2 protein chains.
Amino acid sequence: MNSLDDQMTCLLSPKSLVIVGASADYAKLTGRTVKYVLKYRYPGKLYAVNPSRTDISGIPCFPSVKDLPEAVDTAFLQVAAKAVPGIIEQCIEKQVKSIIIHAAGLGESGEEGKKTQARIKAQIREAGIRVVGPNCAGIVNMTQNLILSPIACYEIDDLPVGRIGLISQSGGLTGAYVSRAADRGIGFSYVISTGNEMDLGVSEFAHYLLRDEHTDVIAIFLEALRNVDLFRDVAVEALNRRKPIVVLKVGRTEVGARAAASHTGALTGADAIYDAFFRQYGIVRLETLEDLFEVPALFCKTKPPKGRNVGIITTTGGGATIVLEAAAQAGLQFPQPSDSTIREATAFLPSFAAKANPMDVTMSGTGGGFKKGLELLIKDDTFDMIVGVVGTSSQFEPHLGVQPIVEVCRDAKKPLVAFCNPNAADALRLFEKNGIPSFRTPESCGRALGYLVKYGEAIDEFTWKRGQRQTPDPDSPNAAKARKILANAGHILNEYDSKRVLAAYGIPVTREQMTGDVDQAKHAAKEIGYPVVMKVMSADIPHKTEAGVIKLGVSTEEALVTSYGELLEKAHRFKADVRIDGVLIQEMAQKGVELIIGIKRDASFGPVIMFGLGGIFVEVFKDVAFRVPPISLPDAREMIGEIKGAKLLNGYRGMEKMDCEAIAATLMSVAGLSLDLGEEIRELDINPLIVYPQEKGIRVVDALICR
Amino acid sequence: MNSLDDQMTCLLSPKSLVIVGASADYAKLTGRTVKYVLKYRYPGKLYAVNPSRTDISGIPCFPSVKDLPEAVDTAFLQVAAKAVPGIIEQCIEKQVKSIIIHAAGLGESGEEGKKTQARIKAQIREAGIRVVGPNCAGIVNMTQNLILSPIACYEIDDLPVGRIGLISQSGGLTGAYVSRAADRGIGFSYVISTGNEMDLGVSEFAHYLLRDEHTDVIAIFLEALRNVDLFRDVAVEALNRRKPIVVLKVGRTEVGARAAASHTGALTGADAIYDAFFRQYGIVRLETLEDLFEVPALFCKTKPPKGRNVGIITTTGGGATIVLEAAAQAGLQFPQPSDSTIREATAFLPSFAAKANPMDVTMSGTGGGFKKGLELLIKDDTFDMIVGVVGTSSQFEPHLGVQPIVEVCRDAKKPLVAFCNPNAADALRLFEKNGIPSFRTPESCGRALGYLVKYGEAIDEFTWKRGQRQTPDPDSPNAAKARKILANAGHILNEYDSKRVLAAYGIPVTREQMTGDVDQAKHAAKEIGYPVVMKVMSADIPHKTEAGVIKLGVSTEEALVTSYGELLEKAHRFKADVRIDGVLIQEMAQKGVELIIGIKRDASFGPVIMFGLGGIFVEVFKDVAFRVPPISLPDAREMIGEIKGAKLLNGYRGMEKMDCEAIAATLMSVAGLSLDLGEEIRELDINPLIVYPQEKGIRVVDALICR
């Protein structure tokens, strides 16, 4: 078959469809799928497979897939796990174009299931058929009236069609989104459950929705990201097209990550890496289940504001304070209105109303003050966006606070959102109908504005960062040099070799020489200049300090000779048959601020780069920043600024400012190295890297590379 | 009048009532109050005051308060701010027993309003009348059918009566609680808006609800706490009586605190101090608006579990993961079920269902598996509490997942709560009706369980801590000694005097002598033993290091003589007419770990004690712990354990363990001192306090006290 897009079109907008395992009993799961596909009037050709019937609710029914009168576009397999491989075979024979597998109990449960799933995978790969699932709760394309799912939320009548494309790694949760969103008047273009993602997954569906004209925002419930490279391309193109991607990802806690893993049978990488990756590619990470439809609904209706300044008008000070506080925690600002706004507001608001921000018109909002105040705030250039907070009137007297927002919104030249204090479902639906983003809780309202602003900033940032992002070059001379050193080393490189790899990428390391005997050591020390450091190099001694095989500040030849013997003795005491590569004679590095840079390979993301201040800052305060290479120089600078300890680099308490540009350059080099050498490097630790005052550079003092 | 309780009873359950400023027009705020008081059938005697009518909806109406036929228990003043003082006068004359003032525009807005409020305060103080407000949105006593409020939420029919007593510093928000809670089937015993709290406030109402037999949980929306001493007593007694107090407090951010302040005209203390205070007194601090009725509803129905182990059963893995993750973030645990539970579950659950924790019965929950699984988890001693997560069936087929929970709950011997994934309002109401705590969002469900566990732990903790909590003793010999030093000092005590105050409380300080000339200095150094530290003592030089008037490591008499002159010269260079108290000759303190202990007086809480590791730990990482004295030794130990840097005291990286008991004893002494001396000390800073390895104690190296 052709491109991924064509395959997806065939799957999501099939001209013909078969439900395998269909039942006429609507109380059964297998009957519900039939019920909903009919209820929503699927317009294509529809078949059923069930050996005991010839007709199900008017759908022509056949004993097996083999007996179908045509090669259908999509088959929905609602049969037990053990029956799946046989039916897949029939589908292949029949040249069915795409398959959705509903059955649970495969890749996510036990050895037996995993084996069967692997077998199915081999089948479909060979035949070139695309598959969704197994463990998939269905595929819904609201724009084509295709509801192919047994989830009971489709009992709801008149589900709104919206412009949010939803992809979920949890099938059960799709029922929650659809029913909760419907209650708010919010609809979807697609609702896709990806299940175990044996073949097609979040990345592939996101790739499709990116180009889909019915979808303005891609919303994802994520447990683990597969096919990161495709997803990265999708994210980049999404920023170009200004089509936001918002993600609710579980697994922030270890126990949550385990639960998610056992649920879909996928391993999730460290959560902090997802945070870094999302940030690098302008993907909005959400916090709550309701964010997953409230925030996309906001993004569908509203372009990001020009700045972070929010104006609030309210009939209830308390409610406004909660909205404000949630937004403030997201980094938004609440300047006071301009003098002229205050002057004009004073003219029509009663004396006890607050002519400030929030503009609290109190109960006087009931007298037309709300609308006038709202118009003033919209007119006031101080504000980049406006929130209308409506109190109890929103439930019982919508003409007082709700209607003014509806009337004013059409002419508002800046984002305007609403929050109703009480349980005002009707008001929320009215807002929704009029294209006004509205929120059920004050916290989600404040938070959502934060997301919108940050998304806008991400677009801007991305534009100027992208050009500077590094490209891997596995064939560069640096890479060749590094590869030569790696080829001659064991799985764990000693400090000397590790640093030579870094030096191949132009990273400054301490001056040092590897020596095989005392005479070489003397010679080296003379060349480097006393005092020197002496270190025993041995793959058997990964932690030199603990083994006592480091001698600092050796300042005379006499001391060097004595130390040489002592160090070797200690090495042998540490392990009787220790293999010694030599003794490293090293310059004493000047004091500076100690840093750590590390690379680890993540199963999903590949190399990940970490930065922090050394010692307690990493170990006690976990004060580190991550990025997923490739990175740009601005990314590297951001990493440095992101840690709390950055203050110690920026002229803390009369100390000189440190050479942060040299750190950023080193981060770039290390990230580049990790990309060029790819799987040839499993782990890399520079600890410590010492940074000196501005323009004085950095120096790698110790490093360890594992292949 | 008599006790606070009697006054409150009169106010909240009045036998007679007058609405001053009542209107017959139900579209007006002043008419709404009349409407609701009638609608809910207030059983006492009811009067109205309105000069233009003799009857309002059947209520006898009089031209003024003076004309009322009796001295009513409660008057609700719904008149403009400027009319209030005159009517108060009439109320006093008429011997009205309590007054509720609705008018805004007094203490919270401008000089004029503040003045009027002060005048009213003087009036009522003299007459001994208790007042709620001004800026009060009303008083509701559901147990007595008293709805005295113009808030439109009382349009709702059949508001449930509940056992949550709600006190709110925002009047507007009461509409949100009542309407939102009603939608969930949750009701209140009281809904009290306290407004500006000119007289009665949160503390006084909490005091009343504590003893009220209709109230099981006290829920508070808080902007600023007044009358902390009363509130502290209430909190202690509430723990004794096992009546939980839950609080939603705004003002975590600076901008939020400002908004709250401008809203009620009160200054809120630092948010971190509230956190500390709440923790010390077992008060549960909530995070969201909906927590304010969902969490109390949980507390009303459920006693705290015995431990932190949660078992989850679900029909939807994704929903369960979100609940689990929120609970895990609150510190709860999710052990695996016992072997026998797994064995029994395997017998009836299909192969693809997860016999683990969460127990994911998937769609098979529709076949009776949910109930059986639930019974197993309840029976399993591994779990202290159980969560049932129901998927889409909760909305469309409640008999499958919802009904089993209802059936099983009666016999459950441990807390059992429910969360419905989709928009299942009916299921939530059914749970509510059957006394099963239930939640609208997965995040609030997980969070709420965390609150319940922590409340249980607070009760246990409090019991064994309370006996050890210090009591102030302003007349102790220590206090007398300290007071003598204070009396002879200026507003800023120099280091020497500050340390003498600390020494009066038995806190170890460096050995040192104050000297007036070189000879005295020589003598002192000889006695203390070289090397010594020399410091110029002057109220004009609060920061000695910056002024260069410290000399460390003076090791000979010769050096001492030279330094003496140099230091004085530097002092004079710092300020020409500097007043010098003397030169302090001090032992060189041994190296150890540097700490900071501070006392600051907060406008609401009085002295507050702060602890942290010195330097960057405080300044860069803000890694500090607060408590409000009095504290106990366990409190002090907790403070030490609470900071992240505590790792550096507990044998970090082969370092010796530090003498944390000595730190705790010092925290106790400093807190005791702050209580004994009260307002005589405005601020106290010990920086640094050096701690040595275990049993080697601590030493105050520098200190500063401001009076």
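Because the structure is a prediction, the values reported are computed rather than measured. Numbers restart at 1 for each chain; the letters A, B, ... are given by sequence-line order, proteins then strands.
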Kindly say whether [Y] contributes a backbone atom to a donor-acceptor pair with the side chain of [X] at under 3.5 angstrom?
| X | Y | answer |
| --- | --- | --- |
| A:E155 | B:F396 | no |
| A:Q395 | B:S179 | no |
| A:R180 | B:A424 | no |
| A:E325 | B:R252 | yes |

Side-chain heavy atoms of B:V620 within contact of A:F617, under 4.5 Å: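 The answer is no; the side chains never approach within 4.5 Å.
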Any side-chain heavy-atom pair of B:V250 and A:L324 under 4.5 Å: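 No - every pair of side-chain heavy atoms lies 4.5 Å or more apart.
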Steps toward side chain to side chain contact (heavy atoms under 4.5 Å, CB included) verdict (A:T392, B:T174): CA-CA 9 Å; A:T392 324; B:T174 59; over 6 Å; no
Trace of the side chain to side chain contact (heavy atoms under 4.5 Å, CB included) decision for A:T288 with B:T441: CA-CA 8 Å; A:T288 72; B:T441 71; over 6 Å; no
Salt bridge flag under 4.0 Å for residues B:E619 and A:K647: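 So B:E619 does not pair with A:K647 through a salt bridge.
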Side-chain ion pair, B:R440 and A:E290, N-O less than 4.0 Å: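 Judged by the 4.0 Å cut-off on N to carboxylate O distance, B:R440 and A:E290 do form a salt bridge.
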Which bit of [X] comes within less than 4.5 Å of chain A, counting heavy atoms only: side chain, backbone, both or neither?
| X | result |
| --- | --- |
| B:I156 | both |
| B:R653 | side chain |
| B:N357 | neither |

Intermediate values then yes/no, side chain to side chain contact (heavy atoms under 4.5 Å, CB included), A:I322 and B:F221: CA-CA 11 Å; A:I322 303 181; B:F221 174 81; 4.0 Å; yes
[atom1] of [X] to [atom2] of [Y]: how many Å apart, nearest 0.5 Å?
| X | Y | atom1 | atom2 | answer |
| --- | --- | --- | --- | --- |
| A:N421 | B:L173 | CG | CG | 5.0 Å |
| B:L613 | A:I616 | CG | CD1 | 8.5 Å |
| A:L289 | B:S444 | CG | OG | 10.5 Å |

Heavy-atom pairs under 4.5 Å with chain A, option from B:R184, B:K622, B:Q329 with the top count: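 The candidate making the most pairs under 4.5 Å is B:Q329.
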Contact leader toward chain B among A:A326, A:A103, A:C420, A:P422, where contacts are heavy-atom pairs under 4.5 Å: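 The option with the most such pairs is A:P422.
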Trace of the salt bridge (charged side-chain N to carboxylate O under 4.0 Å, His left out) decision for B:E397 with A:R32: CA-CA 13 Å; B:E397 294 153 306; A:R32 287 217 296 247; 2.8 Å; yes
B:E546 CD: over 12 foreign heavy atoms closer than 6.0 Å: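 More than 12 heavy atoms, drawn from other residues, nucleotides or ligands, come within 6.0 Å of this atom.
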Engaged part of A:Y177 at the chain B interface, taking heavy atoms whose separation is under 4.5 Å: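 Contact with chain B: none, neither part.
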Atom group of A:A354 that falls short of 4.5 Å from chain B, counting heavy atoms: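 Looking at A:A354, nothing touches chain B.
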